[in-house]
Amino acid sequence: MSVFIIRRLLQSLMVIVAMSLIVFFGVNVIGNPVDILINPEFDQEELERAIKALGLDLPLWQQYLVFVKNALQGDFGKSFVFGQSALKLIIQRVPATLELAFTALIMSIIIGIPLGLFAGLKPDSSVSKAIMGGSILGFSLPTFWVGIMMIMIFAVMLGVLPSTGRGQSLTIMGLEISFLTWDGLKHLLMPAINLALLKISLVIRLTRAGTREVVLQDYVKFARAKGLSTRRVILVHVLKNILIPVVTVIGLELGNLIAFSVVTETVFAWPGMGKLIIDSIQMLDRPIIVAYLMIIVFMFVTINLVVDILYSVLDPRVRLQDVKA
Amino acid sequence: MSVTSKIELIPELSAEVALEGETSLRRFVSDFTENKVAVGALMVFLAIVFVAVFASLISPQNPYDLAEIDILNGRLPPRSESMSGTTYWLGTDDQGRDMLSAIFYGLRTSLGVGAMSGFIALCIGTCIGLTAAYFGGRVDSLIMRLVDLQLSFPAILIALMLLAVLGKGVEKIIIALIAVQWAYYARTVRGSALVERSKDYIEAAHCLAFSNRRIVFRHLMPNVLPPLIVVGTVQVAHAILLESTLSFLGIGLPVTEPSLGLLIANGFEYMLSGKYWISFFPGVALLITVVSINLVGDQLRDVLNPRLRR
């Protein structure tokens with residue numbers, strides 16, 4: 001077990017080092033670092049001073065070491081636009097993105113499981129067919145276009161929901177949270193549904209497949225034969241057994257939700273880190289771009305590591321295979 | 001029996017193979033046409049390809065020729081008439097472009113970028129996957145580690161990273177889309193090539209002392225094509241969706257190459273004043289394209305799946 005964890009840890013470290021090399025050389029070799037790292041509004045004298053201060057007169061490998069050293073201390077330089085530490089700006093935006101991603105995650109479970117359960121219990125009813133058709137559509141619809149259409153219908157035509165922004169938020173334990181106020185909740189609803197749409201389709205399909213398998217099992221037949229109410233059979237005997245795989249898959253999708261929040265945040269002007277990176281790319285705010293890329297790589301490597309370790313705990317075959325290879 | 005006489009047998013063999021190829025093609029066509037929805041989807045898709053290829057001939061106007069558009073015709077709702085009397089069936093955008101023509105041209109860009117990146121990714125992924133399966137051992141585990149690693153990151157994130165470093169441009173988005181897709185092809189090809197590799201005909205080819213290259217490309221590759229075609233159709237749909245998403249975010253194609261995603265982004269500004277058509281119709285075109293490709297891909301998967309073969 002520990003051999004497996006150490007191997008995975010080393011692999012993750014290698015990925016982070018490789019990505020830092022790619023990001024660093026991408027920024028410094030493909031683009032001209034003087035254009036990229038120094039505010040273009042500087043005059044000649046300031047420019048030379050800035051080149052010295054940033055160490056751009058050093059050879060490239062030394063520059064990379066300096067970059068790594070600074071990055072390890074959490075210093076990715078200052079944003080051109082905001083004049084603040086790039087890392088700090090991104091960290092500030094993380095709660096908004098996580099709030100959106102988790103709301104979408106919970107929504108996909110709350111909406112997806114009952115619909116999937118219904119479609120699995122009554123596969124031939126026309127409602128089930130409609131649910132399954134809807135889930136196919138959910139896979140094919142472009143997220144950003146659905147977002148725009150939702151704004152059109154609910155904000156412009158019906159005027160029931162606000163179109164953009166995060167709304168009023170409360171600060172609890174140093175975290176800004178918006179789902180506790182009515183205004184915040186109204187702002188959260190549309191972006192969360194938009195982000196959840198794809199995952200709802202996924203949960204419906206998983207739950208339906210699971211249900212159709214489980215209802216044929218002997219223990220369900222036995223529970224029925226014992227004279228238990230239909231409600232109890234479904235809620236206890238069926239639901240409990242399909243929940244484990246569904247929740248596992250959904251947990252794995254969290255990273256995906258965070259990545260896709262880039263799109264939803266841009267459509268709904270949600271002030272999370274996804275919107276920040278898109279704005280920064282457009283304004284060529286390179287310190288933020290570099291910091292964001294490194295943070296997101298770190299985040300995904302961590303998520304993948306945790307998932308791998310959890311899997312190896314749940315399924316010993318995974319780690320045995322790996323040690324053999 | 002000498003070696004030469006053995007080799008002389010091969011032309012007959014290959015003629016037989018060709019004959020079987022013909023009948024299996026006929027069976028393939030009849031299997032595919034069994035599903036009426038898939039046939040309809042294929043028709044729709046072919047119509048879309050036709051529109052995209054001949055966009056400059058069938059469009060009511062050239063939306064990017066400044067002489068043909070008039071800003072005074074800007075933001076007209078669907079079915080309204082221009083001052084010179086032509087009807088804009090899908091309305092006009094802020095510059096006075098006919099939306100129908102803009103969508104035709106946009107389809108050309110979107111399909112072109114999707115097909116081009118898909119094709120190059122298919123070539124690269126196939127070569128890498130075949131290499132992994134054929135040589136096995138260290139080469140295989142190294143390549144597959146790389147594939148697994150890449151597939152553990154969401155596609156949109158990889159594209160975003162690349163474009164943040166590379167910048168905007170047609171060739172850059174094609175590079176990003178290739179980088180996102182090659183791993184799917186490599187994994188698919190390797191999976192089916194591993195199965196094929198252990199079959200007798202590959203061993204026979206080895207016994208005839210054919211070069212590695214010849215065995216891989218002439219013997220192994222034709223037999224791993226079916227699953228590759230299925231993955232290919234689905235991937236092209238994915239690539240089109242991803243490209244339009246990135247273009248919508250403003251980090252994909254430049255404004256000079258307006259794809260459907262850019263048209264939708266362009267209309268987004270006017271959404272809040274209720275001018276829905278600028279974003280709505282390009283999105284519908286995108287949706288129809290993606291759904292038709294996916295439906296065709298679904299049917300291809302059923303037809304080409306050996307387990308479902310009757």
Side-chain angles (χ1 to χ4, degrees), chain A residues 11-12 14-15 18-19 22-23 25-27 29-31 136-137 139-149 151-153 155-157 163-164 252-253 255-260 262-263 266-267 274 277-282 284 286 288-290 292-293 296-297 300-301 303-304 307-308 325, chain B residues 138 140-141 144-146 148-168 172 237 240-242 244-251 260-261 264-265 267-268 271-276 278-280 282-295 298:
Chain A
Q11 275 171 17
S12 307
M14 265 162 59
V15 172
M19 290 310 289
I22 292 172
V23 170
F25 286 99
V27 169
V29 178
I30 295 175
I136 291 177
L137 212 58
F139 277 118
S140 305
L141 283 166
T143 314
F144 65 100
W145 185 71
V146 175
I148 295 177
M149 290 304 125
I151 292 182
M152 235 265 318
I153 294 167
V156 179
M157 284 178 165
S163 62
T164 53
L252 296 182
E253 293 290 323
N256 224 314
L257 277 173
I258 293 173
F260 250 93
V262 172
V263 180
T266 307
V267 173
I277 180 68
I278 295 297
D279 289 347
S280 302
I281 292 174
Q282 250 131 35
L284 294 175
R286 295 292 175 134
I288 292 204
I289 298 174
V290 172
Y292 176 86
L293 293 185
I296 208 92
V297 166
F300 269 91
V301 167
I303 293 176
N304 288 336
V307 167
D308 273 355
Chain B
R138 267 176 188 279
D140 183 34
S141 64
M144 288 332 280
R145 267 285 138 76
L146 211 66
D148 283 344
L149 177 72
Q150 190 181 334
L151 293 180
S152 68
F153 286 84
I156 191 164
L157 210 67
I158 294 172
L160 187 82
M161 277 180 178
L162 277 172
L163 291 170
V165 172
L166 294 173
K168 266 190 199 181
K172 282 158 191 161
I240 292 173
L241 263 185
L242 188 58
S244 65
T245 305
L246 293 166
S247 297
F248 169 78
L249 292 174
I251 54 174
L260 294 174
I264 296 170
F268 187 32
M271 197 67 164
L272 293 179
S273 49
K275 299 184 172 56
Y276 68 93
I278 310 178
S279 281
F280 180 72
V284 172
L286 183 62
L287 183 63
I288 294 173
T289 311
V290 172
V291 171
S292 65
I293 297 178
N294 277 340
L295 286 174
D298 267 1

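Chain A is the first sequence line, chain B the second, and so forth, proteins listed ahead of strands; every chain is numbered from 1.
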Short side-chain to backbone donor-acceptor contact, B/Ser141 and B/Arg138, under 3.5 Å: yes
Side chain, backbone, both or neither: which part of A/Ile151 has a non-hydrogen atom closer than 4.5 Å to chain B? side chain
So, the part of A/Val15 with a heavy atom under 4.5 Å from chain B: the answer is side chain
Answer key: most heavy-atom pairs under 4.5 Å with chain A among B/Val290, B/Asn294, B/Leu157 is B/Leu157
Can you tell which of B/Leu162, B/Leu241, B/Leu163, B/Ile293 has the highest number of heavy-atom pairs within less than 4.5 Å of chain A? B/Leu241
Most chain B-contacting option - heavy-atom pairs closer than 4.5 Å, from A/Leu137, A/Ile22, A/Asn304, A/Val146: A/Asn304
Go through the atoms of A/Ile289 and report whether side chain, backbone, both or neither lie under 4.5 Å from a heavy atom of chain B. side chain
Can you tell which of A/Val301, A/Ile303, A/Val263 has the highest number of heavy-atom pairs within less than 4.5 Å of chain B? A/Val263
Residue B/Leu249 versus chain A: region with a heavy atom under 4.5 Å: both
Heavy-atom contact with chain B under 4.5 Å, split by part of A/Val262: both
Portion of B/Ser152 that has a non-hydrogen atom of chain A nearer than 4.5 angstrom: both
Under 4.5 Å heavy-atom distance to chain B, tell me which part of A/Ala155 shows up: side chain, backbone, both or neither. neither
Side chain from CB out, backbone as N, CA, C, O: work out which of these in A/Asn256 comes under 4.5 Å of a heavy atom of chain B, or both, or neither. both
Qualifying residues under ring-ring contact (aromatic ring centres under 6.0 Å, His included), relative to A/Phe144, sequence neighbours excluded: B/Phe248
Given 3.5 Å as the limit, does a donor-acceptor pair link the side chain of B/Ser244 with the main chain of B/Gly261, or not? no
Contact check, side chains of A/Gln282 and A/Ile278, non-hydrogen atoms, under 4.5 Å: yes
Pairing residues for A/Phe260 by the ring-ring contact (aromatic ring centres under 6.0 Å, His included) criterion, not counting sequence neighbours: none
Run the side-chain contact (heavy atoms from CB on, under 4.5 Å) check on A/Val23 and A/Val297 step by step: do they pass? CA-CA 10 Å; A/Val23 170; A/Val297 166; 5.8 Å; no
Under 4.5 Å from a heavy atom of chain B, the part of A/Ile148 involved: both
Could you tell me the separation between the OG atom of A/Ser140 and the CD1 atom of B/Ile288, rounded to the nearest 0.5 Å? 12.0 Å
Write down the atom of A/Ile296, the atom of B/Met161, and the distance for their closest heavy-atom approach. CG2-CE, 3.5 Å
Run A/Tyr292 and B/Leu160 through side-chain contact (heavy atoms from CB on, under 4.5 Å) and show every step you take. CA-CA 11 Å; A/Tyr292 176 86; B/Leu160 187 82; 4.1 Å; yes
